Amino acid sequence: MNENKMNNENIDYIKKLEKSFENNYYQSKEFSDFCKSNLKTKKTFDQLKINPSISIFSQNEINLMKKNNVKFLNIKKEINDLKDLDNKNQTNQTNKLKEISLQEYLIWFKKENYEEAYNNFDRSFRKYSRRKETKDYEFKIIKDFDKKTIDEIYIIYKEQMKRLRSFVIKKEFFYRFMKLDSSLLFLLFDKSSNSNKKERINIEDKKDKKDKKDKKDKKDQKNQKNQENQKNQGKKIIGYSFCFENKDNLYTSIGGIKNEYLKKFANYRMYDEKIKYAINNKLNIHMGIGESNSGYNDFKKRVGAIAFKIERNPSIDEILKISEKFQKRKFISLILGFLLRVYSFLFPKKLIKQLIPFS
């Protein structure tokens, strides 16, 4: 009975997966142009032999791309179930390891209301997302380009990548990101850094009333943006998440939380707000590609995200296995992290080319 229930659930998830890729932003001209703008090349993706789109490709399409040595990333219609690997005494564990995907694509499927979403949270997320500390943060969504904000975020991003012993993408990438029509930015602020909190709340109330009275007036909208920038001055950004929004899908891309706020549950507040936004706007959340069984992917699953297997051409499984071994050796991983940052500084276009297709 339980096995039949699981099979039915899997079939339901596959249908939702297919539905979530009907309006695929990764196949849009805007996304393709954005990827190309970061390469700064006159060559087309066909000439580069890269398919920048993340998609559910047909077997015929996969065969053709492989035949022509095209780089691609395919989402399989299979759930990447790691539960069977928990039992170390299983005789078929080696076979299971071969079946799982070392990287996976995670999607949080749209919900009717917050209660439905809450019921899909695991116990720890329910507990920590309600901690007192999470109420001390202010949440905002920005949909327009703001250089000062991105400059402040970039400092957090660089610290984050150094901590993760990884490469650093150039700041211009984020400038281009926020100039796209489909881009938006989720921000968390530390309220304690806002000394004029009451005054700013009054200003924001007046702005909200003004918005309702005259939404179509472009001059008012421009003034509101300036007011927003002024209000944000003096506040301390502690978390960010760059996203794309397209029809019924929200795509999370690069994001992070200042290290000292991770212990203060800021990441729980960020994900809770993303989910509320998705519910209010009837969106799926494409949470992107991550390494299977990593702490970050496990966190996404705790809010109800479903992980699907992926297929890359060429495969990077061997690189992932070697990288995992090095990450366990702190000194070697520190050196490799430093070398990756040097490489990304010297060869930013080559780095982006290697990352495409990316989420």
Side-chain angles (χ1 to χ4, degrees), residues 9-35 51-58 61 72-80 101 103-114 116-118 120-121 139-144 173-174 176-187 240-255 270-290 296-297 299-311 355-359:
E9 283 180 353
N10 287 354
I11 291 168
D12 186 47
Y13 288 140
I14 300 303
K15 287 180 180 177
K16 288 180 178 179
L17 172 70
E18 292 171 332
K19 188 76 176 172
S20 71
F21 271 87
E22 287 180 1
N23 300 311
N24 186 4
Y25 178 69
Y26 294 129
Q27 289 187 320
S28 68
K29 185 178 183 301
E30 183 183 83
F31 182 72
S32 178
D33 289 346
F34 169 63
C35 292
N51 188 331
S53 306
I54 297 172
S55 189
I56 304 171
F57 295 107
S58 69
E61 288 173 319
F72 69 83
L73 195 154
N74 174 52
I75 309 298
K76 293 185 173 184
K77 298 179 186 179
E78 299 176 50
I79 291 175
N80 200 34
S101 178
Q103 284 190 315
E104 54 194 10
Y105 189 85
L106 292 104
I107 305 183
W108 182 93
F109 293 115
K110 65 178 78 170
K111 306 288 188 293
E112 289 295 322
N113 50 55
Y114 187 76
E116 184 186 353
Y118 186 82
N120 278 274
F121 296 161
F139 176 74
K140 284 188 179 295
I141 299 171
I142 294 177
K143 295 190 177 183
D144 300 293
F173 174 92
F174 300 97
R176 294 187 194 102
F177 193 112
M178 283 310 296
K179 288 179 180 178
L180 299 172
D181 291 338
S182 302
S183 65
L184 65 161
L185 178 59
F186 292 87
L187 292 173
Y240 68 96
S241 179
F242 289 92
C243 301
F244 302 107
E245 185 176 341
N246 183 58
K247 296 188 178 178
D248 59 343
N249 293 301
L250 180 70
Y251 302 80
T252 61
S253 186
I254 298 171
M270 178 66 85
Y271 270 82
D272 200 40
E273 292 292 349
K274 282 183 192 175
I275 287 166
K276 287 176 182 175
Y277 179 85
I279 291 166
N280 291 337
N281 293 279
K282 298 180 179 179
L283 305 171
N284 303 298
I285 307 177
H286 293 246
M287 295 185 174
I289 306 156
Y296 191 40
N297 272 23
F299 185 88
K300 294 174 183 179
K301 292 171 189 176
R302 284 159 60 188
V303 302
I306 306 300
F308 294 91
K309 296 178 182 180
I310 69 168
E311 176 185 4
L355 291 176
I356 295 173
F358 57 78
S359 58

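For the numbers below, each heavy atom of this structure counts, side chains included, while hydrogens, waters and symmetry mates do not. Please read all numbers here as calculations on a predicted model, not as lab measurements.
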Polar side-chain atom of Lys16 near backbone of Phe109 as donor-acceptor pair, under 3.5 Å: no

With sequence neighbours excluded, residues passing salt bridge (charged side-chain N to carboxylate O under 4.0 Å, His left out) with Glu61: none

Selection residues 276-290 - residue pairs positive for salt bridge (Lys or Arg N to Asp or Glu O under 4.0 Å), sequence neighbours left out: Asp272-Lys276

Donor-acceptor pair, side chain of Ser359 and main chain of Ile289, under 3.5 angstrom: yes

Glu104 with Lys300: basic N within carboxylate O range, under 4.0 Å: no

Gap between atom OG of Ser253 and atom CZ of Phe244 - 0.5 Å precision: 5.5 Å

Asn51 and Phe57: CA distance, side-chain angles, deciding distance, side chain to side chain contact (heavy atoms under 4.5 Å, CB included) verdict: CA-CA 11 Å; Asn51 188 331; Phe57 295 107; 3.6 Å; yes

Partner set under salt bridge (charged side-chain N to carboxylate O under 4.0 Å, His left out) for Glu18, not counting sequence neighbours: Lys77

Residues in side chain to side chain contact (heavy atoms under 4.5 Å, CB included) contact with Tyr118, at least two apart in sequence or another chain: Tyr114, Phe121, Arg126, Arg130

Ser101 side-chain N/O to Asn80 backbone N/O, donor-acceptor pair under 3.5 Å: no

Aromatic centroids of Tyr26 and Phe21 separated by under 6.0 Å: no

Exam field: side chain Trp108 to backbone Val303, donor-acceptor pair closer than 3.5 Å: yes

Inter-residue atom distance Phe186.CZ - Glu273.CD, 0.5 Å rounding: 9.0 Å

Parallel, tilted or perpendicular, as decided by the 30° and 60° cut-offs, for the rings of Phe358 and Phe31: perpendicular

Thr252 (side chain) donor-acceptor with His286 (main chain) under 3.5 angstrom: yes

Smallest separation among heavy atoms of Pro357 and Pro52, with atom names: CB-O, 3.4 Å

Set of side chain to side chain contact (heavy atoms under 4.5 Å, CB included) partners for Glu245, sequence neighbours left out: Lys143, Leu184, Leu250, Tyr277, Leu283

Heavy-atom donor-acceptor pair, Ser28 side chain to Tyr25 backbone, under 3.5 Å: yes

Distance, nearest 0.5 Å, that separates CD1 of Ile279 from CD1 of Ile285: 8.0 Å

Between CG on residue Leu187 and CZ on residue Phe242, distance to nearest 0.5 Å: 8.0 Å

Sidechain-backbone polar pair: Tyr13 side chain, Ile79 backbone, donor-acceptor under 3.5 Å: no

Note, Phe34 side chain near Phe173 side chain (heavy atom, < 4.5 Å): yes

Met287 side chain reached by Tyr271 side chain, heavy atoms, under 4.5 Å: yes

Contact summary for Gln27 and Ser55, nearest pair of heavy atoms: NE2-OG, 3.3 Å

Sequence-distant partners of Asn23, side chain to side chain contact (heavy atoms under 4.5 Å, CB included), two or more places apart: Asn246, Lys247, Asp248, Asn249

Nearest-0.5 Å distance that lies between atom CD1 in Ile56 and atom OH in Tyr105: 9.0 Å

Distance in Å, Ser20 OG paired with Ile107 CD1, rounded so as to fall on 0.5 Å steps: 3.5 Å

